[in-house]
Asks: 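Before I ask anything, let me first share the structure, which is written out below as C-alpha cells.
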Amino acid sequence: MDNQEIRDEIRRRSMDIPIPDSLHPDQIEKKLENTTQHRPSVAKKLRLCVAAAASIAVICAAGASLRPILWGESPDGSSTDSIVEQTTVTEDQDHSDTTYEDIYDAIHSFQKERQSEKDASLDMAVEENFETEKSALTGSAEHSSSDKGDFSETDTQVAGIMEGDIVKTDGRHIFTIKDSTAGCTVTIYEAQGSSVNEQSHFNVSQADCEEIYIQDSILILTGNLWDSSSPVGDGTDQTDYEPYNPPASKSHITLYDISDPAAPKAIRQLSQSGVYNTSRISDGYLYTFTNYNIQPAGNYTEDEQEKFIPKLNGVIMKPEDIRLPDRKGADSYMVMTSLRLSDNGKFADSKAVLGNFDTHYMNRNHIYAVRKDYQANGDIRSTIIKYTYGQGKFSFDGSAAIRGAIHNSYYMHEYKDSFVFVYTRTSGRDTNGLCVMDQDLRLTGEISDLGVNETIYASYFIENMAYFVTYRNTDPVFAVDISDPKNPVLRSELKLPGFSSYLHSFGDNMLIGIGQGSKSYNGYDIIENRVKLSLFSIDKDYRLQEIDKILAAPNTGSCADTNHKSVFVDEERGLIGLGITDTMNTQSAYRVYRCKNGKLKKVLSVPLSESSDIYHVRGIRIEKYFYVVDTLGGIEVYNIDTWKKVK
C-alpha cells in the first residue's frame, strides 16, 4: 500500500468520526461576532475560550440525526451526484406527546454514544480540519429607512424587521451602550441640531448588553447575564472593559420606560437559557434567539429536568414546546421566544429545538434557522428548519438539509413564494452555488460550480436578483436572476482584483462594495491589506461594471466584513460611512464618502481617540446633521451640507 492509499484509507475511516462544531474557526468567529458588538477585551476572550472549551462536548448532533437520503443517498441506497440534497420533515407538528423522559433519553443516549468518539477524534479534528473560514456579511435591498422621522436607522436586512445595535436614535435623542467591569452602562443624549447634551445614564449590573432597541417609549436591552456567584474584575486594569467571569448560560431582556429620558424607569428583566445569539422586532413583538449548551452526560439524572431542559424566567419549558428533529439527541438547544412589547410582562410564545441552530434569517412571515455540521472529509453540511410566525406565535413548517454551508444570515432570502440561498461546498474543492426552494423546502432550481476553488465573501439580494462575491485570486461578482424558480440564470460575472466582503444597494441601479484591495505580482493578485470601496453599475440586462473605486492607505481595515451594522448607508443622499483603522500606527478614523454622478469622494474623516476603536463607533444622521458617536468617548456633530464640524 503506497502513501496515497494509506492516506485514502485513513480518510475513509475518519468519515465516521464526528468533528465537534466548536473546534471549527467559523464557530469560534461566530462566538466572537455574536457575543459582542465590539472587539473583545482580554477578559472577554478568556470567557469565550472557556465557552469554546466547554463546547467541545456540545455540538456534534447533526450528522447522526439525519436520514441517509439527506447526504446524497437515494432511498434504495445508491449514491446521487447532486450537489444539494434536501428533504422535508413531514412529522406531526403537534408535540403534545413529547415527555421529559423522551428528551432525557435522546440527550443521554447521544452524549454517551459520542463521548468516546470525541476523545479519540479530538487531535485528528484539530489537525485536519482547523482551516480558516471567511464568514462574510451581506445585505438585502429590502432595507429601508424609518418613515417615522427624518433620521437614519440601523442598517437592516429586511424592511419592517428591526435589528438591534450599540447606538440608536429616535430623532430627538441618541442612546448608547457600553460594557464595563460592573456591567453595562446606558447613556441617553438629547440631540438638538448642533447641541448634544447628556440627559441621563444608568447601569445594568452583572450583565453584558449586546444590543439596544427603541420602541415607542420603551428601551430594550439584550445580552447575557453573568454568574453572580463568581467574582468579577476589580477594575484595576483600566483597559479591561469586561469582567473575569465564566461564560454566560442565561441571556436577558431588560426593559426601561423612557417616556422621560431624563429619568428612565426600570420595568422588568426577563431571562431565557442560553448565550444570546440575535434578535429582531416585528409588528410590536421582540423575537430573541439563544444557544443553550447541555451539561455532559452523568452530571444529572432523569428527574433533574432543570439541568437539561431550557428555562424561561427560571421555569423549565414544557416538553411539548421542545422539538427533537427525527427524535434524535444533541448537546445543545436553539431557544427562541417572543415578547409583546406593549405587555412587557411575559413571553407570548417559546420554542426550543435540539441542535446548534445558530444562523437565522427572518422576514415578515417566516424564520429560517441553520445548523452547520463539519465532516471528517472537510465538507460542511447544513440543516435548515423553517417556522411561520405571527402575533408572537411560532408554527413549525419543516426542515431540509444541503450538502454545503450557509455561513451567514445574509446568504438567505425570500422572493415571492421561493426560499433562496447561496452556499459553499468544500469537499475536494471549494465550489459555490445558488439554490431555490419552494415553500415546502423542496428544491426547485439551482446553479452550481460558481467560483471554483473560491469562497463566498458577500451576497446581496435585490428583488429577483442575487449578487454575490467569491474570492481566492480574483474577485468574481456574480449576478443571478431568480425570476424563474425552476431555472435561475447567471446574468453576469465580473472579475476584479481584490474582493468585496460587504455589498449594499446604492441608489438607482448601483451597488457599493467594501473589502480589500490587491496588487498583481507575477500574474497573481496579492491582497494589500488596504480598504477598498467599489461602486458598481447595473445595466438593464443585469450586467455589472465597476465604475469607480477608492483605495485607502496600505495596512488599513474596517469591520464592515464582520458587522454590517457598523456601516452607515444613506442611498437617497448617496452617503456611506464606516470606521477605518490603520494597523501600522493604530490611528483609527471614521470616514464618510459621497457618491455623485457615478464618482466616489471622501467628504469627512474624523480621527478617533487612542482609547477607542472602530468597533465602538457609529455614524447616524438626524435631519441635516451627522453625528459620529463613539460609545467609549463622545459625540461630534457635522453639517452634511458643508461637512464642517459644529460641535
Side-chain angles (χ1 to χ4, degrees), residues 136-145 155-159 363 410-422 432-437 444-451 454 456-471 474-515 532-550 564 567 569-576 593-601:
L137 286 168
T138 64
S140 167
E142 293 179 284
H143 162 78
S144 64
S145 299
D155 183 29
T156 59
Q157 184 179 8
V158 177
N363 64 11
Y410 300 89
Y411 284 23
M412 296 177 277
H413 177 63
E414 268 199 0
Y415 176 67
K416 294 185 177 179
D417 292 328
S418 296
F419 173 56
V420 188
F421 61 89
V422 294
N432 308 282
L434 175 143
C435 285
V436 184
M437 291 180 173
T444 58
E446 69 174 292
I447 292 181
S448 58
D449 289 330
L450 298 178
E454 298 187 337
I456 296 176
Y457 270 55
S459 69
Y460 196 84
F461 293 90
I462 302 178
E463 296 180 349
N464 65 301
M465 291 300 299
Y467 301 93
F468 59 98
V469 176
T470 65
Y471 175 77
T474 57
D475 179 14
V477 184
F478 297 98
V480 178
D481 187 345
I482 56 176
S483 299
D484 182 355
K486 296 182 179 180
N487 184 36
V489 178
L490 178 63
R491 297 294 187 187
S492 173
E493 178 181 353
L494 175 64
K495 293 189 176 182
L496 299 168
F499 65 87
S500 295
S501 52
Y502 173 96
L503 291 175
H504 200 290
S505 58
F506 206 55
D508 295 334
N509 304 315
M510 287 192 295
L511 283 175
I512 191 77
I514 303 174
K532 176 187 178 183
L533 273 71
S534 295
L535 184 65
F536 302 99
S537 65
I538 307 170
D539 69 15
K540 63 180 181 179
D541 295 320
Y542 305 112
R543 289 189 296 264
L544 293 170
Q545 180 180 356
E546 186 181 51
I547 57 177
D548 198 17
K549 65 181 179 181
I550 289 181
H564 69 287
V567 181
V569 179
D570 188 331
E571 296 186 50
E572 181 181 349
R573 294 166 181 79
L575 300 175
I576 186 164
Y593 299 86
R594 167 173 278 163
C595 173
K596 188 175 182 179
N597 299 324
K599 295 292 183 181
L600 292 169
K601 179 183 179 181

Asks: Spell out, as yes or no, whether a donor-acceptor pair under 3.5 Å connects the side chain of Y542 to the backbone of D481.
Replies: no
Asks: For D541 and R543, indicate whether the former's side chain and the latter's backbone hold a donor-acceptor pair under 3.5 Å.
Replies: no
Asks: Is there side-chain contact between M465 and R491, with heavy atoms separated by less than 4.5 Å?
Replies: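 They are in side-chain contact.
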Asks: In terms of ring plane angle, is the pair F461 and H413 parallel, tilted or perpendicular, where the classes change at 30° and 60°?
Replies: parallel
Asks: Kindly indicate whether the side chain of Y457, heavy atoms from C-beta on, has any atom under 4.5 Å from the side chain of L503.
Replies: no
Asks: Donor-acceptor pair, distance only, cut-off 3.5 Å: does the side chain of T444 make one with the backbone of K486?
Replies: no
Asks: If you take all heavy atoms of S500 and A458, which pair is closest and at what distance?
Replies: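 Minimum heavy-atom separation between S500 and A458: O-CB, 3.7 Å.
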Asks: What I'd like to find out is whether the side chain of F478 reaches to under 4.5 Å of the side chain of S492, using heavy atoms alone.
Replies: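 SC-SC contact between F478 and S492 ruled out.
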Asks: Do the charged groups of K532 and E546 touch, with an N to O distance under 4.0 Å?
Replies: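 Yes, charged N to carboxylate O under 4.0 Å.
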Asks: With rounding to the nearest 0.5 Å, note down the distance linking CZ in F536 to CD1 in I512.
Replies: 8.0 Å
Asks: ring-ring contact (aromatic ring centres under 6.0 Å, His included) between Y411 and F421: does it pass, once the steps are laid out?
Replies: CA-CA 5 Å; Y411 284 23; F421 61 89; 9.7 Å; no
Asks: Is there a donor-acceptor pair under 3.5 Å between the side chain of N432 and the backbone N or O of D449?
Replies: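 Not a single qualifying donor-acceptor pair exists.
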Asks: Check whether any side-chain heavy atom of M510 lies under 4.5 Å from a side-chain heavy atom of I547, and answer yes or no.
Replies: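 Counting from C-beta outward, M510 and I547 do come under 4.5 Å.
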Asks: Enter the distance from K549:NZ to L533:CG here, rounded to the nearest 0.5 Å.
Replies: 12.0 Å
Asks: Any donor and acceptor pair, going by atom type alone, linking the side chain of E446 with main-chain N or O of C435 inside 3.5 Å?
Replies: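 Checked: no pair found.
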Asks: Do D155 side-chain atoms and V567 backbone N/O form a donor-acceptor pair below 3.5 Å?
Replies: no
Asks: Do any N or O atoms from the side chain of D548 and from the backbone of L600 form a donor-acceptor pair under 3.5 angstrom?
Replies: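 Between the backbone of L600 and the side chain of D548 there is a qualifying donor-acceptor contact (under 3.5 Å).
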